[in-house]
Amino acid sequence: MRVSLLRGHAHPDGVRAEAPPAGPAPHLGEESLRILVGTEGDSLLLTDINTTETEASEPWDYVLVADRCTQRNPRQVQRQQQFLEELERKGFCYKAREDQEKVFFGIRADNRVFDRYRRLLMEPEATTPRGELAGPTSIPATTRIRIVNFVLNSKMAAGDTLQDLVKDGVFEAGFPLHKGEEDLKKKWARWRNMFQQQPIGDIRNYFGEKVALYFAWLGWYTYMLVPAAVVGLIIFLSGFAHFEASQIREICEAHDVYMCPRGDHNPRYQRLSETCAFAKLTHLFDNEGTVLFAMFMALWATVFLELWKRERARVVLQWDLYGWDEDQEEMALGLIACPDYQPRLHQHSYMRSTVILLLSLLMICLMIGMAHVLVIYRVLAAALFSSAFPFLGEQVTTAVVVTGALVHYVSILVMTKINKYVALKLCDFGERRAPLSPSLATGGRIQEKPRTFSERESKFTIKFFTLQFFAHFSSLIYIAFILGRINGNPGKSVRLAGLWKLEECHLSGCMMDLFVQMAIIMGLKQTLSNCMEYLGPWLAHKCRSMRATSQDPELRHWQRNYRLNPVNTFSLFGEFMEMMIQYGFTTVFVAAFPLAPLLALFSNLAEIRLDAIKMVRLQRRLVPRKAKDIGTWLQVLEIIGVLAVIANGMVIAFTSEFIPRVVYKYRYGPCRQGAHPAVDCLTGYVNHSLSVFYTKDFQNPVEIEGSENVTECRYRDYGAAQNSNFTEQSWFLLAIRLAFLILFEHVALCVKLIAAWFVPDVPQSVKNEVLKKKHQRLGEAGLPGPGVGPGPESRSTRDSGPRAQTWSGPRAGQEAKTQSCCHHHPPQPWLCVCVGGL
């Protein structure tokens, strides 16, 4: 089959067509395509290329899909044609195919578009000087898709972008095609490969650097969780060795010690010995190793980030993106889409920032209010369960805690959607309408004015993560630091609306409530959320795949890609956010739940393959994005690390029994005068930590079961028996708690800073390699190389005049030029000035 191709010479103003050769035009088949190459304002070059011949060597870059019913609307058809003709003028060709329901438009860009991209922005690995292309080279598929996607989503002459046309129903969808993913399916997107190393290079070549960096970070995070999981498991299991400790033995043998009623449901005095099992369970995570584990996790978080920075530097250097500039990339793509493109300038408004800050604080207050709603639920649920389910007995509190955690989990799911909407509106506030992502977003649009996509994504990330953090952790903050501390004393309890008594901590302490809440939320997020994340797309894909497919191989391939699950701006963003929240659960309250790293490790092993299967088998191909780091998420990780130090210090100081045990051991216990090997220094601690309340001081003592045989009950506090006011001991304990908190946070933060200083962000090998490449580029640009100097006789010529030196030219085939150097005795090479060519 013959192909008629008219070539043009590149000029500064565009592409100029040569006169066509004389003779009859070659006959082409019915399926011929018109390819117009050039820029706006140029005399455009028309090329007829046979479809069959080009398709074999040049696959389609992009596919647009429209519903057949739109073809009956003349207005919709006109807008389609205007858009496609505008693409032709920009150097694209298209082909229309249809089935019984949809019309498909295959889009392909001419290679001259990519040649222009190379001229505007030389790739980092390219060593050819700007303006000189060494010849035709293959364009990576990720680069082709990225450039085509950018042009499609840029404003056309009619003022429409592809996003606008999709929103108006002119097109239904637009996506790049899956092609050549078989290797990834075999090596990566399989459950059987769960414990195998990820092919990061292949992922980068198929999905682009942004996705590859996500999986590289996730794999590194999973790898680093192994030591944290092992240490946490050791701390948890070490509690079994202390089941015979004096404080547990005293609880299990306290048959004559009665605890005061904690609520209005089933009010009765409960023996302290009935909490023996819970006391043992609490000691598994609230023991002497808790402080060491919290300090270890603070150090672990810092080392993890520093080692990730080093790993990222190695990976990015291998990809030749170490010195990549996003602004330059954005301007190059903008010039491809429009020759009159002007870069967006940096802008900042203090007024707008202040308003956004106030609105964000208002939303955070709402998140905190959600925690109070959960408090109200737990209070009302306690009253309801005690009357509706009397068989629960003393397990009403446990039932309330469990159902409260479930309600919290459901509220997280609801607030996630609300937070995303609010974050979008905050990004929209006071700005012009401009799409956040150049990719086609079918599930939502982010709009903001900032200059580049990463800048826009960064602003949205900060807003959305802040709201999500309070949505996930507000309930945990309440349980850890507020629950049971504002209830008053047994004789004068604080009541909600004067009717319902506020919920109190478990008899074994608030650490038990925090442990249960963490276990349920993390368990549900790692199991139920992952199952829904996989089963939802799998079932949707199976349902769509049941439709009939075309016999034509090309159309069948397009149909299969169309029937995959759509992707949008939030696809990769959602994966990052999920991991950030998990990282928060793993570090922020890890002192109360040392098994969190172990659960995160198991979850991540499945998460890597789950995401791989979704992206390769169940979803349309993501538009590749170039990146040299994970962006704002690194700052989010550092912020979580600092918050983890503060939160764990407060949990140990105010929630756990660590400080009261230490104070008793060295101030009030039998070892206050010195340790004795035969004496347990915590003997008598349980009796010391429980305050006394006389039952006659209850407002309605006769309503409490067994009140006729009990004259006093105990409760967890350090109040006086006469009036329940704070004693000197309680104030001393508070001072020690505050001192420990300050000491712990300062030591932990200093350890983090020392670790960050001790482990360089960039390995020396990477710095040296970058230095060599810079030196090499300077040498290729025509500057004297390291071997050039006045010493070697083979490189210099002498005469009666000034000292002269022969230099080799910067390009192959150039003649050597003699250049003069300043006179020095002995000559100094660093003072020589190259004046070749003058």
**Asked** Parallel, tilted or perpendicular for His178 and Tyr206, by the 30°/60° rule?
**Response** parallel

**Asked** Is the side chain of Arg620 donor-acceptor paired with the backbone N or O of Pro176 at a distance under 3.5 Å, no angle test?
**Response** no

**Message:** Restricting to side chain to side chain donor-acceptor pair (under 3.5 Å), what partner residues turn up for Glu181, sequence neighbours left out?
**Reply:** none

**Flag side-chain contact, heavy atom, 4.5 Å: Lys614 against Asp611** = yes

**Asked** Are Arg204 and Glu209 close enough for a salt bridge, meaning some N to O gap below 4.0 Å?
**Response** yes

**Fill in**
Applying side chain to side chain donor-acceptor pair (under 3.5 Å) to Thr632 and not counting sequence neighbours gives Ser458

**Asked** For Asn565, which residues count as a side chain to side chain donor-acceptor pair (under 3.5 Å) partner, sequence neighbours excluded?
**Response** Arg544

**Message:** In the structure I gave you, are the side-chain heavy atoms of Lys95 and Glu554 within less than 4.5 Å of one another anywhere?
**Reply:** yes

**Prompt:** Okay, side chain of Lys90, backbone of Val151: is any donor-acceptor separation there less than 3.5 Å?
**Reply:** no

**Item:** Close side-chain approach of Phe465 and Gln635, heavy atoms under 4.5 Å
**Value:** no

**Asked** Do NZ/NE/NH1/NH2 and the carboxylate oxygens of Glu311 and Arg314 come within less than 4.0 Å?
**Response** yes

**Asked** Does Arg144 count as lying over the ring of Tyr62, i.e. NZ or CZ under 6.0 Å from the six-ring centre, within 45 degrees of the axis?
**Response** no

**Check: Thr161 main-chain N/O paired with Asp164 side-chain donor or acceptor under 3.5 Å** = yes

**Message:** Can you tell me how the ring of Phe460 sits relative to the ring of Phe573, calling it parallel under 30°, perpendicular over 60° and tilted otherwise?
**Reply:** tilted

**Prompt:** Do the rings of Trp633 and Phe576 sit parallel, tilted or perpendicular, given the 30° and 60° boundaries?
**Reply:** parallel

**Message:** I'd like to know if the side chain of Asn153 reaches the main chain of Asn149, judged simply by a donor and an acceptor atom lying under 3.5 Å from each other, with no hydrogens or angles considered.
**Reply:** yes

